[in-house]
Trainee: 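Sharing a structure with you now.
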Amino acid sequence: MSERVALVTGSTSGIGAAIARRLSRDGYMVALHSRSSADVGKRMASELQGASYHQADLGDDAAARPLIESVLKRHGRLDVLVNNAGLSVRIPHADLKAATPALWRQMLDVNLISPFLLVAEAEAALRAARGNVVNIGTHAGVRPKGSSIPYAASKAALHHVTKLLALALGPDVRVNAVAPGLVETPMTANWPDMLETWKAKSPMRRPAKPEDIADLVAALCANDYVTGEIVIADGGLNLT
C-alpha cells in the first residue's frame, strides 16, 4: 500500500485530521486540504510520510475543480477520495426565516455539489486505481435531526448521491458514506445540550471521538466489496 494516495478534504482539524492521520498510518500518502488554515495544513504535511497540502475553497466551483489536478500533479495517482469538508450552522428548525435562500445555496454548494464535483474530476484516476470514495454525511441525513434543516437536507441528498454514484461507478470504484452522530470536536464543544443528549440517551453513553470515525473510514477503504452503504456511527442513538 506504500504507493497509494488518499485525498481527505477538510483535513486540518477534527474528523478530517483524524482520518488523514489514520490513513497515513495505514500506509497511504495523504493529500491534505483546507479552505484557509494553510499553516496548519503545511505543518501536518511535514509530519506525515509522503503527505502534501492543497488549499481550495470548495464552495467555489472554479477553485474546487483544480484540486484533483493539483493532487495528481503532486502524487501521480489517486486511490481514495474522502469528502469530509462540510458546512454546518445551528438554526432552530422552527425558525424558518433564518434558513435563508443564500444559506441554503451555501450549504448545498459545500455539502453536496462540491463532493459530486470532486468525484467527477477524479473519476478517471479512481477508475485506474480501482479506488474508492467515502463521503462524510450525518445521522441527521437519516433522521429528522441536525443543526439546521438546510444542513440535514444537504447531507440526506449526499447520502442518496452516494448510492447513485456506487451504481454509476461500479465495479471499478466503490462509493460509501459514513453518517456520524455527534463527534467531539472544537465546534461541538459549544453544544452542551447535544453532549448531554448523547451521554444520557445513546447506548454508548458518549459522543464519538474523531478517531472512531477515522477507524470506520479506514475499514471501508480496506474492504474491496462493500459499496453503496450509508454506515451510521452515532453510538446507537438511532435506536432510541
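For reference, positions follow the sequence shown, starting with 1. Just the heavy atoms: all of them, side chains too, but no hydrogens, waters or symmetry mates, feed the values below.
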Trainee: Quick one: CD1 on I68 to NZ on K73, what's the gap to the nearest 0.5 Å?
Mentor: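 Output value for this atom pair is 15.0 Å.
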
Trainee: Taking all non-hydrogen atoms of both residues, which atom of S11 and which atom of L32 are closest, and how far apart?
Mentor: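 Reported closest heavy-atom pair: OG-CA, 3.3 Å.
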
Trainee: Main chain of R35, side chain of Q55: is a donor-acceptor contact present, judged purely on distance under 3.5 Å?
Mentor: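 Present.
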
Trainee: Considering only heavy atoms from C-beta outward, does the side chain of V183 approach that of T188 to under 4.5 Å?
Mentor: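 V183 does not reach T188 side chain to side chain.
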
Trainee: Please step through side chain to side chain contact (heavy atoms under 4.5 Å, CB included) for the pair V5 and Y28, ending with a clear verdict.
Mentor: CA-CA 5 Å; V5 177; Y28 286 89; 5.9 Å; no

Trainee: Measure across S88 and S147 and return the closest heavy-atom pair with its distance rounded to 0.1 Å.
Mentor: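 Closest approach of S88 to S147: OG-OG, 2.7 Å.
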
Trainee: Is it true that L220 and I136 fall in one hydrophobic cluster, defined by side-chain heavy atoms closer than 4.5 Å?
Mentor: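 Same cluster.
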
Trainee: Evaluate the criterion side chain to side chain contact (heavy atoms under 4.5 Å, CB included) for residue pair V89 and Y151; output intermediate values, then yes/no.
Mentor: CA-CA 7 Å; V89 177; Y151 172 75; over 6 Å; no

Trainee: Report yes or no: does T240 contribute a side-chain atom to a donor-acceptor pair with the main-chain N or O of G236 at less than 3.5 Å?
Mentor: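 It does not hold such a pair.
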
Trainee: Grouping I, L, V, M, F, W and Y whenever their side-chain heavy atoms are under 4.5 Å apart, do F116 and L7 come out in a common cluster?
Mentor: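 Looking at the clustering, L7 is in the same group as F116.
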
Trainee: Please check if any side-chain donor atom of T9 sits under 3.5 Å from a side-chain acceptor atom of N84, or the reverse.
Mentor: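 The criterion, which ignores hydrogens and geometry beyond distance, is not satisfied for N84 and T9.
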
Trainee: Identify the heavy atoms of A85 and G10 that sit nearest to each other, and give their distance.
Mentor: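 Heavy atoms of A85 and G10 come nearest at CB-N, 3.7 Å.
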
Trainee: Please check if atom CZ in R105 has more than 12 non-hydrogen atoms from other residues, nucleotides or ligands closer than 6.0 Å.
Mentor: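 No, the 6.0 Å shell around CZ holds no more than 12 heavy atoms from other groups.
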
Trainee: Side chains of T12 and Y53: do they bring a donor and an acceptor to under 3.5 Å?
Mentor: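 Absent: no donor and acceptor within the cut-off.
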
Trainee: Between R90 and D95, does any NZ, NE, NH1 or NH2 come within less than 4.0 Å of an OD or OE carboxylate oxygen?
Mentor: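 Salt bridge: no.
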
Trainee: Given side chain to side chain contact (heavy atoms under 4.5 Å, CB included), test V133 with N83 step by step and report yes or no.
Mentor: CA-CA 8 Å; V133 177; N83 283 310; 3.9 Å; yes

Trainee: Tell me whether V161 is reachable from I113 by hopping between hydrophobic residues (I, L, V, M, F, W, Y) whose side-chain heavy atoms are closer than 4.5 Å.
Mentor: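 No, I113 and V161 fall in different hydrophobic clusters.
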
Trainee: Just by modelled atom types, is the L103 backbone N or O under 3.5 Å from a matching donor or acceptor in the T100 side chain?
Mentor: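 Flag set: sc T100 to bb L103 pair under 3.5 Å.
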
Trainee: Would you say that V178 contacts N135 through its side chain, given a criterion of any heavy-atom pair below 4.5 Å between the two side chains?
Mentor: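 In short, these two side chains do not touch, never coming nearer than 4.5 Å.
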
Trainee: Donor-acceptor pair, distance only, cut-off 3.5 Å: does the side chain of K163 make one with the backbone of T227?
Mentor: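 It does not hold such a pair.
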
Trainee: Can you tell me if S148 and H93 form a side-chain donor-acceptor pair at under 3.5 Å?
Mentor: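 No pair is found: no donor N or O on one side chain lies under 3.5 Å from an acceptor on the other.
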
Trainee: So, do S114 and D109 sit near enough that their side-chain heavy atoms are less than 4.5 Å apart?
Mentor: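 Result no, sub-4.5 Å side-chain heavy-atom pair not found.
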
Trainee: Using a strict 4.0 Å threshold on nitrogen-to-oxygen distance, state whether E123 and R127 make a salt bridge.
Mentor: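 A salt bridge links E123 with R127.
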
Trainee: Whether R22 and D26 form a salt bridge (side-chain N of Lys/Arg under 4.0 Å from carboxylate O of Asp/Glu) is what I want to check.
Mentor: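 Here D26 pairs with R22 in a salt bridge, since their nearest N and O are under 4.0 Å apart.
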
Trainee: If only atom types and distance count, is the side chain of R205 paired as donor or acceptor with the main-chain N or O of S202 below 3.5 Å?
Mentor: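 Such a contact is found between R205 side chain and S202 backbone.
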
Trainee: Side chains of V8 and H33: closer than 4.5 Å at any heavy-atom pair?
Mentor: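 With C-beta onward as the side chain, the pair stays apart.
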
Trainee: Verify the cluster assignment for L112 and L169: are they in a single hydrophobic cluster under the rule of side-chain heavy atoms below 4.5 Å apart?
Mentor: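 Looking at the clustering, L169 is in the same group as L112.
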
Trainee: Can you see which heavy atom on R77 is nearest to which on A129, and at what distance?
Mentor: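 Heavy atoms only, the tightest pair is NH2-CB, 4.0 Å.
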
Trainee: Any chance you could pull the hydrophobic cluster mates of I232, using side-chain heavy atoms under 4.5 angstrom and chaining through other members?
Mentor: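 The other cluster members (ILVMFWY side chains, heavy atoms under 4.5 Å, direct or chained) are V142.
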
Trainee: Testing the basics here: between V110 and P115, what is the closest heavy-atom pair and its distance to 0.1 Å?
Mentor: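 Nearest pair, atom of V110 first, then P115: O-CD, 3.4 Å.
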
Trainee: Find the distance between CG (L108) and CG (L87) and round it off to the nearest 0.5 Å.
Mentor: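 It is 10.5 Å, given to the nearest 0.5 Å.
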
Trainee: Once you round to the nearest 0.5 Å, how far does CE of M107 lie from CD1 of I149?
Mentor: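 With rounding to 0.5 Å, CE (M107) is 11.5 Å from CD1 (I149).
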
Trainee: Grouping I, L, V, M, F, W and Y whenever their side-chain heavy atoms are under 4.5 Å apart, do V173 and L117 come out in a common cluster?
Mentor: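 No, V173 does not connect to L117 through the hydrophobic network.
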
Trainee: I would like to know whether L126 and N132 meet side chain to side chain contact (heavy atoms under 4.5 Å, CB included); could you show each step before the answer?
Mentor: CA-CA 7 Å; L126 290 169; N132 72 98; over 6 Å; no

Trainee: Could you measure the distance from the CG atom of L164 to the NE2 atom of H159? Nearest 0.5 Å is fine.
Mentor: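 NE2 of H159 is found 13.0 Å from CG of L164.
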
Trainee: Quick check: are there more than 12 heavy atoms from other residues, nucleotides or ligands sitting under 6.0 Å from CG of N223?
Mentor: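 More than 12 heavy atoms, drawn from other residues, nucleotides or ligands, come within 6.0 Å of this atom.
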
Trainee: Supply the atom-to-atom distance L118 CG to L58 CG, rounded to the nearest 0.5 angstrom.
Mentor: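 With rounding to 0.5 Å, CG (L118) is 5.5 Å from CG (L58).
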
Trainee: Taking all non-hydrogen atoms of both residues, which atom of V134 and which atom of C221 are closest, and how far apart?
Mentor: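 Shortest heavy-atom separation between V134 and C221 comes out as CG2-SG, 4.2 Å.
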
Trainee: Could you tell me whether D60 and R65 have a side-chain N and a carboxylate O separated by less than 4.0 Å?
Mentor: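 A salt bridge is absent here (no side-chain N lies under 4.0 Å from a carboxylate O).
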
Trainee: If you define the side chain from C-beta out and look only at heavy atoms, does anything of R74 sit under 4.5 Å from V71?
Mentor: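 Not touching, per the 4.5 Å side-chain cut-off.
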
Trainee: Which residues satisfy the ring pair (Phe, Tyr, Trp, His ring centres under 6.0 Å) test with H139, sequence neighbours excluded?
Mentor: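 In terms of ring pair (Phe, Tyr, Trp, His ring centres under 6.0 Å), with neighbours along the sequence ignored, H139 is linked to W198.
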
Trainee: Does the side chain of P180 come within less than 4.5 Å of D234's, by heavy atoms?
Mentor: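 No - every pair of side-chain heavy atoms lies 4.5 Å or more apart.
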
Trainee: Look up atom CD in E121 and atom CG in L81, then write down how far apart they are to the nearest 0.5 Å.
Mentor: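 E121 atom CD to L81 atom CG measures 11.5 Å (nearest 0.5 Å).
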
Trainee: Ignoring hydrogens and angles, tell me if any N or O in the side chain of N176 forms a donor-acceptor pair with the backbone of E229 under 3.5 Å.
Mentor: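 Present.
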
Trainee: Is any side-chain heavy atom of R4 closer than 4.5 Å to one of V80?
Mentor: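 No, every pair of side-chain atoms sits at 4.5 Å or beyond.
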
Trainee: With no hydrogens and no angle check, do the side chains of S52 and H54 hold a donor and an acceptor under 3.5 Å apart?
Mentor: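 Note: S52 and H54 side chains meet the donor-acceptor criterion.
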
Trainee: Are any non-hydrogen side-chain atoms of L237 and L182 less than 4.5 angstrom apart?
Mentor: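 Of all side-chain heavy-atom pairs linking L182 with L237, none is under 4.5 Å.
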
Trainee: For T162 and L158, indicate whether the former's side chain and the latter's backbone hold a donor-acceptor pair under 3.5 Å.
Mentor: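 Yes; judged by distance alone, with no hydrogens or angles, the pair exists.
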
